[in-house]
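Worth knowing before you read on, the calculation uses all heavy atoms, side chains too, and leaves out hydrogens, waters and symmetry mates. Index from 1, following the sequence.
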Amino acid sequence: MRNIGIMAHIDAGKTTTTERILFYTGKSHRIGEVDDGEATMDWMEQEQQRGITIQSAATTTYWKNHQINIIDTPGHVDFTAEVERSLRVLDGAIAVFDAVHGVEAQTETVWRQAQRYQVPCIGYVNKMDRMGADFFAALEDVRKKLAVNAVALQIPIMKDGSFEGIIDLIEMKEIRWEGNGGENMTETPVAPEREKAAKEWREKLIDALSNVSDAVTEKYLAGEELDAALIRAELRKAVLQRLILPMFTGASRRNLGVQPLIDAIVDYLPAPDEVPPAAGHHLKKEEDISIPCDPKGQPLGLVFKIQNDREAGSLCYVRMYSGSLKPGSAVFNTGKKKRERANRILRMHSNKSDVLDELKAGDIGVVIGMKLAQTGDTVGSEGWPVLLEKMQFPEPVVSVSIEPKTISEQDKLKDILAILSKEDPTFTTRENDETGQLIISGMGELHLDVLVTRILKDFNVSAKVGKPQVTYRESISAVNDHREEFSRTIGGKENAAAITLRVEPAQRGTGNKFVCAVKRKDIPEEIYSAVERGVTGAFTSGIVMGYPCIDILVTVTDMGYSELNGTEFAFEACASMAFDEACRAAAPILLEPIMAVDLTSPHEFVGEVMSLVTQRGGQVLSLNSKADIDEIKTLAPMAQMFGFMTSLRSVSQGRASFSMEFSHFEKKSGK
């Protein structure tokens with residue numbers, strides 16, 4: 001079995017490659033094209049209209065007695081959470097690179113995500129049929145920008161500037177594709193005029209492999225011929241340890257080069273029992289444990305995605321790490337400490353499904369019937385309470401207001417927003433206390449545009465949507481100590497509390513922290529909990545402007561407690577008031593989101609593009625010149641970036657492009 005994901009920058013050809021894999025493995029009987037809106041994996045109406053992948057779609061296919069579970073992920077930076085949660089549960093990945101542009105901005109982001117979860121990868125340089133395609137330049141770009149040992153296992157055969165096949169450096173043969181769908185592969189010996197280049201690149205492959213494999217080194221030094229089986233076996237070990245990134249090439253749109261890539265999935269990417277055991281935390285023993293992939297073990301799985309289905313309700317995508325689940329069995333949600341039932345178990349093929357009798361360790365499936373499960377929840381058995389590591393998602397940075405056109409649709413809209421925020425962890429909703437408006441927040445303008453379109457079209461709610469707004473944050477810039485006393489008589493009973501606390505700015509990006517330095521035996525545990533609740537609750541309500549607080553360290557230094565009138569209510573209220581007053585006197589500051597903006601521009605427009613960014617308060621970090629384009633890395637305030645695409649197109653005749661993602665929060669200038 002192989003659990004793999006396909007990841008890359010937007011427009012590198014992920015979905016197109018997935019469609020070819022499904023066709024050659026016999027899962028689909030015709031090739032669906034993204035450009036025609038007929039791709040199997042892009043099943044949402046909006047995906048077909050926009051020609052991009054929005055939701056990661058799962059499918060299962062079979063190749064040479066191996067089951068391959070594939071997740072096709074989005075490339076657009078606004079849907080980075082879809083990539084994050086897919087990579088969290090996958091054992092291997094195919095990184096797709098554009099033969100013309102090499103490593104692009106979003107490629108670096110998804111590569112970092114794959115490294116965070118230690119996912120072994122293979123590389124595929126796509127679009128070799130395009131003008132300006134250069135496999136060797138792309139290979140060098142991968143080495144330089146991703147700091148990885150990329151090694152070519154194939155080199156392209158070019159004839160008069162067009163791509164016509166590949167040379168397999170392990171078997172030393174030429175492969176070409178024939179037939180309408182490229183089903184027929186013909187293999188021939190390497191032509192004499194290409195033999196020198198093929199030997200040179202094979203030598204580089206052996207050299208890279210001998211650096212990480214003793215078996216290859218010994219044979220090489222002894223002057224023995226290296227057989228293909230040994231090279232593949234040693235390459236597999238190196239890929240599993242993430243020491244080598246084997247590179248393949250092709251042109252998926254023209255049906256060239258995909259079958260060797262499917263072989264590579266089986267040959268080099270790990271089976272579920274070949275990756276390191278999953279790490280979990282045993283709640284009763286309070287210790288970290290490792291969980292081997294054993295179908296006969298205790299059941300343990302991770303819910304990595306929730307999708308709402310009109311008929312079936314919540315579809316919970318589960319990756320099983322241990323044991324097995326059967327339809328109708330009881331499931332224990334470890335984090336929420338609640339029992340649920342797995343009514344049905346399905347194997348998904350994009351938006352279609354087959355019923356499964358059992359979901360075993362290492363496999364990915366969909367469980368229907370769990371009502372409380374959320375993304376990141378661990379499901380297992382009550383007798384073995386183990387929590388798997390949760391996923392970290394980026395903060396939403398763009399907000400819009402949304403309100404129903406009629407009062408009768410108010411509740412319906414709230415229900416829909418609850419469904420969408422359960423599906424997507426980077427989509428949040430809140431009600432503005434002052435205006436009573438519903439505010440929805442997401443990762444970018446496109447992300448919110450897609451979600452609003454779903455609300456209006458898929459759920460048929462007529463609503464008015466405001467203009468995008470930036471979500472600011474508040475913090476403090478000085479240290480302050482404050483003592484707060486609270487006394488109220490409620491229902492004839494006196495409630496009193498006194499708290500002294502210190503607030504101080506934490507390092508930017510470290511988050512809020514609560515520390516209680518008071519340890520007294522006469523204070524019950526629930527009073528401590530009430531103080532913590534009061535402070536952590538106050539973090540979200542802001543200081544001056546009402547924006548959530550970040551990067552504040554709160555230390556409780558003293559507490560005045562009396563058994564007669566010290567209540568949980570009093571201490572929670574007192575802690576909240578103490579935090580507010582302390583922060584107001586600690587030089588509060590307003591922070592704005594700063595975006596990392598990566599631009600690509602033809603050489604002749606680079607000056608105009610850079611001045612456009614600086615006019616909007618951005619700073620240029622680096623400029624990297626390639627053969628046909630310049631890459632510019634900049635930082636710019638989010639508030640200035642609305643409508644940037646229109647301005648960028650007008651100064652570059654529509655030839656420059658950009659992608660941006662959240663970088664950090666910084667003090668708002670002029671405040």
Side-chain angles (χ1 to χ4, degrees), residues 3 5 18 27 40-48 53-61 69-74 79 81-90 299-321 324-333 335-336 338-360 362-380 388 390-391 393 415-427 450-451 454-455 457-459:
N3 293 313
T18 310
K27 184 73 190 181
T40 314
M41 302 303 275
D42 286 351
W43 57 271
M44 278 174 71
E45 189 183 332
Q46 286 201 66
E47 291 179 318
Q48 291 163 1
T53 302
I54 292 168
Q55 287 198 342
S56 48
T59 187
T60 300
T61 188
N69 296 328
I70 304 173
I71 296 184
D72 175 28
T73 66
F79 308 107
E82 289 287 334
V83 185
E84 183 85 24
R85 57 182 170 192
S86 302
L87 289 173
R88 168 68 180 84
V89 297
L90 293 171
L300 190 73
L302 183 76
V303 178
F304 67 93
K305 178 178 160 79
I306 304 276
Q307 195 175 309
N308 192 63
D309 184 87
R310 282 185 184 168
E311 279 106 46
S314 281
L315 306 181
C316 299
Y317 284 72
V318 176
R319 157 76 196 253
M320 288 302 287
Y321 284 96
S324 63
L325 273 186
K326 288 188 176 170
S329 60
V331 182
F332 186 65
N333 187 325
K336 292 194 169 56
K338 292 278 194 279
R339 288 192 200 93
E340 301 218 62
R341 192 161 291 283
N343 295 336
R344 286 192 296 153
I345 298 176
L346 308 175
R347 161 119 36 241
M348 295 306 285
H349 175 52
S350 188
N351 60 334
K352 299 180 180 66
S353 59
D354 302 321
V355 177
L356 274 183
D357 299 331
E358 190 176 22
L359 188 63
K360 291 184 180 171
D363 208 347
I364 289 173
V366 163
V367 176
I368 291 179
M370 297 198 288
K371 293 183 177 66
L372 301 169
Q374 283 178 298
T375 301
D377 280 0
T378 305
V379 292
L388 291 160
K390 281 204 166 190
M391 292 166 255
F393 294 110
D415 291 345
I416 290 160
L417 293 176
I419 288 168
L420 291 174
S421 55
K422 192 177 177 185
E423 274 188 18
D424 185 347
T426 55
F427 172 69
V450 165
L451 288 160
R454 282 188 68 191
I455 292 166
K457 285 192 172 173
D458 298 3
F459 294 101

- request: Assess whether side-chain contact (heavy atoms from CB on, under 4.5 Å) is satisfied between Ile71 and Tyr317, documenting all intermediate values.
  value: CA-CA 11 Å; Ile71 296 184; Tyr317 284 72; over 6 Å; no
- request: Could you give me the CA-CA distance, side-chain angles and deciding distance for Ile368 and Leu346, then say whether side-chain contact (heavy atoms from CB on, under 4.5 Å) is met?
  value: CA-CA 8 Å; Ile368 291 179; Leu346 308 175; 3.5 Å; yes
message: Would Val367 and Leu325 count as a side-chain contact (heavy atoms from CB on, under 4.5 Å) here? Give the steps.
response: CA-CA 9 Å; Val367 176; Leu325 273 186; 4.1 Å; yes
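- Listed for the Glu340 side chain is a donor-acceptor partner under 3.5 Å among the backbone atoms of Leu372.
- How far OH of Tyr321 is from OG1 of Thr378: 9.5 Å, rounded to the nearest 0.5 Å.
- Between Leu451 and Phe427, the closest heavy-atom pair is CD1-CD1, 3.3 Å.
- The two residues Ala418 and Ser421 have their closest heavy-atom pair at O-OG, 3.2 Å.
- Residue Asn3 comes nearest to Gly362 through the heavy atom pair ND2-O, 2.7 Å, listed as atom of the first residue, atom of the second, then distance.
- In this structure, the separation between CD1 on Ile419 and CD1 on Ile455 is 10.5 Å, given to the nearest 0.5 Å.
- Screening Asp415, Leu420, Leu417 against Phe459 for a side chain to side chain contact (heavy atoms under 4.5 Å, CB included) leaves a single residue, Leu420.
- Residues satisfying the salt bridge (Lys or Arg N to Asp or Glu O under 4.0 Å) test with Arg339, not counting sequence neighbours, are Glu382.
- With Glu358 contributing its side chain and Ser324 its backbone, the two residues share no donor-acceptor pair below 3.5 Å.
- In this structure, the separation between CG on Leu359 and OG on Ser329 is 10.0 Å, given to the nearest 0.5 Å.
- Scanning both residues, Ala373 and Asn333, for their nearest heavy atoms gives CA-ND2, 3.9 Å.
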message: Evaluate Arg347 against Asp363 for side-chain contact (heavy atoms from CB on, under 4.5 Å), listing each step before the verdict.
response: CA-CA 10 Å; Arg347 161 119 36 241; Asp363 208 347; 3.0 Å; yes
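- Judged purely by atom type and a 3.5 angstrom limit, Arg319 has no side-chain atom pairing as donor or acceptor with the backbone of Ile364.
- How far OG1 of Thr60 is from CD1 of Ile70: 8.0 Å, rounded to the nearest 0.5 Å.
- Atom NZ of Lys336 has more than 12 heavy atoms from other residues, nucleotides or ligands within 6.0 Å.
- Of all heavy-atom pairs spanning Leu302 and Gly376, the tightest one is CD1-O, 3.7 Å.
- Counting only distance, with no hydrogens or angles, the side chain of Asp377 and the backbone of Gly335 share no donor-acceptor pair below 3.5 Å.
- Note that the CG atom of Asn343 and the CE atom of Met370 stand 10.0 Å from one another [nearest 0.5 Å].
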